[in-house]
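Counting starts at 1 for both ligands and their atoms, in listed order.
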Amino acid sequence: MSFYDLIQSCKDFDIEQFCAEVTPQKVQSILAKNNLTEYDFLALLSDAADPFLEEIAQKAAVQTRKYFGKTVKIFTPLYISNYCQNKCAYCSFASQHHINRRHLNLDEIRAEAEKISSTGIRHILLLTGEAPSLVTLQYIKDAVKILREYFSSVAIEIYPLTSEGYAELIKEGIDGLTIYQETYNQSLYKKLHTGGPKENYRFRLEAPERASAQNIRVVTIGALFGLYNWRYEAFFTALHASFLQKNYPSVELCLSFPRLRPLAGEFNTSYLVSDRQFVRMMVAARLFLPFAGICVSTRESEKFRRAIIPMGVTKISAGVSTAVGGHIGDGSTSQFEIADPRTLEQVKEDLHKMGYQPVMHDWSNRFEI
Ligand code: SF4
């Protein structure tokens, strides 16, 4: 059974109704447990659980220290092309927007890599839009080859590939895949993706399974919070993560809860997620999936990121530009506005002050065995 089949089997499950029936006694009984089910996770998102947030957060902090210590991994994204033929309603790079588009050549990718690596960053996340005639698999492979000269870990956040595509990139040296389903709600997904290959919900949904089956080292998943009901998206994100952990136990699983940020073009939503709701999802996820990484990007503010680190965060980005060519000073339109503009050094210093070890390098795939 694939995760797509699992989602189909949940179609009649009413998440809001389930949450409305959760009692304070039920929440207390969940907090007394060591292992949570997916329904326990969902119950912790109910209104009845809200008064217990402090207790849940403290338990999540203990679990995080138990499995990850007081360490936080640091990475930065590298955008190499913002050409995209998709029409995602919520993205600045969507084909309908008349923005400043750039596609880095290999020399420019090298220049960006040199600049970023000179700051001490060793984990890089390579991002592109989806423009198959320009951003070809060969182009990505060439980029990965260059990045491996500068970084010990190279992960990708690109359009979904076939199994063969993932196998080729893993052979080239990538060790991580980040892919967000955006929304797990299939009918909304259809409305938000009205052009380009990204229309295919199932092909995207099953991308983490395809990469995991090819033995990728780390997979990061999530939804884009703000597109739809936060409980719904959090429940299916957690269910997806649990499914991947059970079926691919050798793959390191990481969750992320990116929230919508201001962008080029208009996008209106009535589903914006509050800070409190964000914390509730994150700490509940920590209790449900104690070994999963939790990544928080610069979509979140400096103050907020500092406050939530002890509650479950294991990985953050720093020194970020979301523009193509943004590090060598010749940037294009940004994908979204970042909310934490601190430099890498400032982030490291802040972590030290909080008693945390910033981890720049915990993995190396640069030398053949
Ligand atoms: S979200 Fe990704 S696929 Fe969609 S328009 Fe933006 S860059 Fe393209």
- Residues at least two apart in sequence or cross-chain that pass ring pair (Phe, Tyr, Trp, His ring centres under 6.0 Å) with Y159, listed by chain then number, are none
- Query: Which protein N, O or S atoms sit under 2.8 Å from atom 4 (Fe) of ligand 1?
  - Reply: C88 SG
- Task: Answer yes if M311 and F291 sit in the same cluster of Ile, Leu, Val, Met, Phe, Trp and Tyr residues linked by side chain heavy atoms under 4.5 Å apart, and no otherwise.
- Result: no
- Note on the structure: To the nearest 0.5 Å, atom CG of L104 lies from atom CD1 of I80 at 7.0 Å
- Note on the structure: Those residues at least two apart in sequence (or on a different chain) that pass salt bridge (Lys or Arg N to Asp or Glu O under 4.0 Å) with E130 are none
- State which residues pass side-chain hydrogen bond (donor to acceptor under 3.5 Å, both in side chains) with Y166; sequence neighbours excluded, sorted by chain then number. none
- Item | Any side-chain donor near an acceptor of the partner, Y150 and R110, under 3.5 Å | yes
